[in-house]
Amino acid sequence: MHFADAPASLSRYCSAMSTQLTAVDTFAAQFLAGARACIPVVLSVAAYGMVWGVLARGAGLSLLEVVLMSGLVFAGSAQFVALDLWTATPATLPIGALIMAALIINLRYLLLTATLRPLFRPDQTSSGALMMGIVSDETWAVTMLEMQKGRGTIAFLLGGGVLAYACWMLTTVTGHLLGSAIDDPATYGLDFAFTATFLALLLGMWKGRGDLLPWAVAALVAIVSSHLVAGSWYILIGGIAGSLAGAMADRVRHVD
Amino acid sequence: MWTSPEALAAILGMAAVSFMVKAGGLLLSNRLPRHGFAAAWLKHVPGAVLASLVAPALVTGSAAEIIAALATGLVFWRTRSLLPAMAIGVLTVYLARLVLAA
């Protein structure tokens, strides 16, 4: 190699290196960015996790059952409802009702994970489906906000998901171990953390007047159905009504 | 006692249906058209779901929750940042409950 060529080949070598590094770097950076962006919502997950752990102990779940349910089911609202149905004696455990309740309460995830489609290429969706287990309301919403800013990646979703999962496991187990030694989060206003973060996330999604109609329809339908139908059906009903209203309004105005 | 076959069956069943709906949403959306009405509908789902999550909680809340919601909204509008918005919301609801209960 001529001495004069050295800088050129060196820079070629460096740029090849950096392309390779960028791929790794982007995944790691996006993963960390997702985890960092989810810190506020994970605080709300932690508050609920503690409460669930305490209540689970009261409902008669063993520590192993807490670990299994938090680790395998990983769905806060479904786990709360399960505690109402749980019995300390195995013989009277309503297995069918527990499974049915989990299915009904989690039906809203059909809507949530459907909106994650833009993160995946069409040929990636089967492997992507396997990642959906780690999605929760909180990390979904943060990723959605990121996607609306024209960013958002699979790594970002996973970073938030892994953080929320670790936090849910840690706090539900802690709640079970410490039991009633833990104060009710409502004492410190922490019960409001969920409403506050989701309100802020909603405001962050505002794009313009086109959002007014779907949001108003969703809010009204959700309020009415929360009074008429027991459980969390109102999220699904309001979400479907509002989004259909938005799509119909777009059609009338010939947007899209 | 560690666990029972009944409890294990219930937990595994709950896990299976939870995973099925979570994975099912993405798999079903992959079959939806990427243009036209279905795409427009999917675009409006996130906002509509979030509005449905938040609205009933705000309507059934007490004065303390309404004040805290306004504070949360104001801070988020000024900072565009989740953490301060949530922190102010929690602090406001804590203080408002103290004041309103007194």
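Letters A, B, ... mirror the listed sequences (proteins, then strands); counts begin at 1. Side-chain atoms are counted along with the backbone in the values below, which use heavy atoms only and exclude waters and symmetry mates.
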Candidate pair Leu130(A) and Phe19(B), rule side-chain contact (heavy atoms from CB on, under 4.5 Å), full reasoning = CA-CA 9 Å; Leu130(A) 293 175; Phe19(B) 179 74; 4.1 Å; yes

With a 4.5 angstrom heavy-atom cut-off, could you sort out which part of [X] is near chain A: side chain, backbone, both or neither?
{"X": "Val59(B)", "result": "side chain"}
{"X": "Leu83(B)", "result": "both"}
{"X": "Val49(B)", "result": "both"}
{"X": "Leu91(B)", "result": "neither"}
{"X": "Leu27(B)", "result": "side chain"}

Heavy-atom closest contact ([X] atom, [Y] atom, distance):
{"X": "Gly47(B)", "Y": "Trp215(A)", "answer": "CA-NE1, 3.5 Å"}
{"X": "Glu65(A)", "Y": "Ser4(B)", "answer": "OE2-N, 3.8 Å"}
{"X": "Ala247(A)", "Y": "Ala40(B)", "answer": "CB-C, 4.0 Å"}

So which part of [X] gets closer than 4.5 Å to some heavy atom of chain B, the side chain, the backbone, both or neither?
{"X": "Leu93(A)", "answer": "side chain"}
{"X": "Ala193(A)", "answer": "both"}
{"X": "Met100(A)", "answer": "neither"}
{"X": "Val142(A)", "answer": "side chain"}
{"X": "Thr87(A)", "answer": "neither"}

Taking [options] one by one, which has the highest count of heavy-atom pairs under 4.5 Å against chain B?
{"options": "Ala245(A), Ala196(A), Ala141(A), Gly242(A)", "answer": "Ala196(A)"}
{"options": "Leu64(A), Leu98(A), Val73(A)", "answer": "Val73(A)"}
{"options": "Thr195(A), Leu116(A), Leu244(A)", "answer": "Leu244(A)"}
{"options": "Leu72(A), Thr125(A), Leu203(A)", "answer": "Thr125(A)"}

task = Check whether any side-chain N or O of Arg117(A) sits under 3.5 Å from a backbone N or O of Leu32(B) as a donor-acceptor pair, and report yes or no.
result = yes

task = Return yes if some donor-acceptor pair links the side-chain N/O of Lys22(B) with the main-chain N/O of Tyr109(A) below 3.5 Å, else return no.
result = no

Determine the option with the most heavy-atom pairs under 4.5 angstrom with chain A, choosing from [options].
{"options": "Ala68(B), Gly89(B), Pro46(B), Pro84(B)", "result": "Pro46(B)"}
{"options": "Thr72(B), Val90(B), Val54(B)", "result": "Val90(B)"}
{"options": "Ala69(B), Ala85(B), Gly24(B)", "result": "Ala69(B)"}
{"options": "Ala55(B), Ala23(B), Ala10(B), Pro56(B)", "result": "Pro56(B)"}
{"options": "Val17(B), Leu12(B), Leu26(B)", "result": "Leu26(B)"}

query = How would you list, by chain and number, every residue that makes a side-chain hydrogen bond (donor to acceptor under 3.5 Å, both in side chains) with Trp233(A), sequence neighbours excluded?
reply = none

Please determine whether the number of non-hydrogen atoms from other residues, nucleotides or ligands lying under 6.0 Å from atom [atom1] of [X] exceeds 12.
{"X": "Met205(A)", "atom1": "CE", "result": "yes"}
{"X": "Trp206(A)", "atom1": "CH2", "result": "yes"}
{"X": "Phe80(A)", "atom1": "CZ", "result": "yes"}
{"X": "Phe37(B)", "atom1": "CZ", "result": "yes"}

query = Do Lys43(B) and Asp211(A) meet the salt-bridge criterion of a basic N to acidic O distance under 4.0 Å?
reply = no

ask   = What is the distance from atom CG of Leu145(A) to atom CG of Leu82(B), rounded to the nearest 0.5 Å?
value = 6.5 Å

ask   = Can you tell me how far CE of Met86(B) sits from CG of Leu199(A), rounded to the nearest 0.5 angstrom?
value = 13.0 Å

key: Any donor-acceptor N or O pair under 3.5 Å, side chains Trp2(B), Ser62(A)   = no

request  = May I ask you to test the Phe194(A)-Leu53(B) pair for a side-chain heavy-atom distance under 4.5 Å?
outcome  = yes

request  = Answer yes or no: is there a side-chain heavy-atom contact under 4.5 Å between Leu68(A) and Leu8(B)?
outcome  = yes

request  = Start with the C-alpha gap between Phe76(B) and Thr197(A), add the side-chain angles, then the distance that decides, and say whether side-chain contact (heavy atoms from CB on, under 4.5 Å) holds.
outcome  = CA-CA 10 Å; Phe76(B) 185 78; Thr197(A) 41; over 6 Å; no

remark   = Pro122(A) meets the side chain to side chain contact (heavy atoms under 4.5 Å, CB included) criterion, sequence neighbours left out, with Asn30(B), Arg34(B)

